[in-house]
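Notes for the one structure printed next.
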Number of protein chains: 2
Amino acid sequence: MNIGAAAKRTGLPAKTIRYYEEIGLIRPARDPNGYRDFSETDVHKLAFLGRARSFDFSIEDCRSLLALYEDSTRASGDVKRIAEGHLERIDAKLAELHEMRRTLSSLVDSCAGDNRPDCPILRDLASDPAGHG
Amino acid sequence: MNIGAAAKRTGLPAKTIRYYEEIGLIRPARDPNGYRDFSETDVHKLAFLGRARSFDFSIEDCRSLLALYEDSTRASGDVKRIAEGHLERIDAKLAELHEMRRTLSSLVDSCAGDNRPDCPILRDLASDPAGHG
DNA sequence: CTTGACCTTCCAGTAACTGGAAGCCCTATC
DNA sequence: GATAGGGCTTCCAGTTACTGGAAGGTCAAG
């Protein structure tokens with residue numbers, strides 16, 4: 001299967017698939033003409049990577065997960081550890097974004113948004129950093 | 001004031017301050033020896049940028065906000081529009097992360113995390129993409 | 001035999017820094 | 001006066017995970 005077909009099958013852009021090969025996540029065979037030739041296994045790996053990336057797992061996490069996926073003697077604890085670590089990062093990001101949203105949203109609400117210069121948003125941004133402790 | 005002092009005052013790394021000058025966000029004066037010489041105004045601008053960046057405003061948004069901050073004839077509506085746009089991006093990111101967290105967390109919960117190979121997390125990652133809507 | 005849709009590689013750019021090398025400036029001490 | 005230190009300068013490279021684009025080979029259709 002050519003890269004275009006593999007891209008269609010997995011939903012990944014061809015560019016991304018080439019990139020994944022470049023960094024060693026997959027190793028598709030080559031036709032005599034130099035074209036990549038993707039097996040069903042390659043396509044499954046690509047789909048796996050796409051799904052893992054959709055959870056925002058880093059490429060390095062994806063590499064580890066794929067290795068575990070391919071290792072029939074894996075311990076599910078190793079998979080779980082990676083997922084839990086990632087979940088913690090997601091939770092940290094969520095907390096950060098929630099706090100950001102809370103503050104920014106109240107600033108937006110308090111801004112008249114008219115053609116006068118007075119603006120609580122700018123006042124906050126320009127305020128003494130001690131006030132945000 | 002030297003860059004080290006400005007860094008201490010604003011909490012921004014010296015590297016970042018140099019970067020902000022490079023991309024034209026600030027224009028500190030120079031001493032005869034070539035050292036940057038930061039005025040109080042420069043420090044205020046840097047603090048403003050630091051606070052805006054802490055809200056995850058992009059550098060280009062920061063540039064616009066700083067320009068508005070410096071323009072006493074600004075319309076607060078212009079500021080508000082930028083903030084609202086950013087708020088929407090934050091909300092979109094929050095929704096995405098929440099959904100991610102929901103799915104990933106239930107997968108983690110269902111994984112035994114022992115030394116056996118069976119793993120619902122890997123099963124999900126490897127599953128038919130049609131199953132994920 | 002040419003057109004068009006593929007495919008290939010390689011280089012550059014994205015966002016916002018961060019690390020590090022090579023070297024100048026200034027002060028203090030021996 | 002030499003030297004050690006800390007701070008300053010510039011410039012180049014690296015980070016993450018791609019993405020865009022140029023130059024050119026391959027292949028099926030007309």
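Please read these numbers as outputs of a predicted model, since none were measured by experiment.
Taking side-chain N and O atoms only, B:N33 has no distance below 4.0 Å to OP1 or OP2 of D:dT9. Regarding contacts with the backbone of C:dT9, a side-chain N or O of A:R30 is found under 4.0 angstrom from either OP1 or OP2. For the pair A:R36 and C:dT8, the criterion of a side-chain N or O lying under 4.0 Å from OP1 or OP2 is met. For D:dT19, one of the phosphate oxygens OP1 or OP2 lies less than 4.0 angstrom from a side-chain nitrogen or oxygen of A:T16. For D:dC18, the OP1/OP2 oxygens have a side-chain nitrogen or oxygen of A:Y20 closer than 4.0 Å. Distances shorter than 4.0 Å separate some side-chain N or O of B:R18 from OP1 or OP2 on D:dT9.
With 3.5 Å as the limit, one finds a donor-acceptor pair spanning the side chains of A:S76 and B:D114. With 3.5 Å as the limit, one finds no donor-acceptor pair spanning the side chains of A:S127 and A:D124.
Ion pairing between B:R30 and B:E21 holds under the 4.0 Å rule for side-chain N and carboxylate O. A salt bridge links A:R102 to A:E99: at least one charged side-chain nitrogen sits closer than 4.0 Å to a carboxylate oxygen.
If you measure from atom CD of B:E21 to atom C1' of D:dT10, you get 12 Å, rounded to the nearest angstrom. For the pair B:Y19 OH and C:dA15 P, the interatomic distance rounds to 8 Å; values are reported in whole Å.
A:I3 comes within 4.0 angstrom of the backbone, heavy atoms only, and of no base.
Nearest nucleotide to the B:K15 side chain, out of D:dG25, D:dA17, D:dC11: D:dC11.
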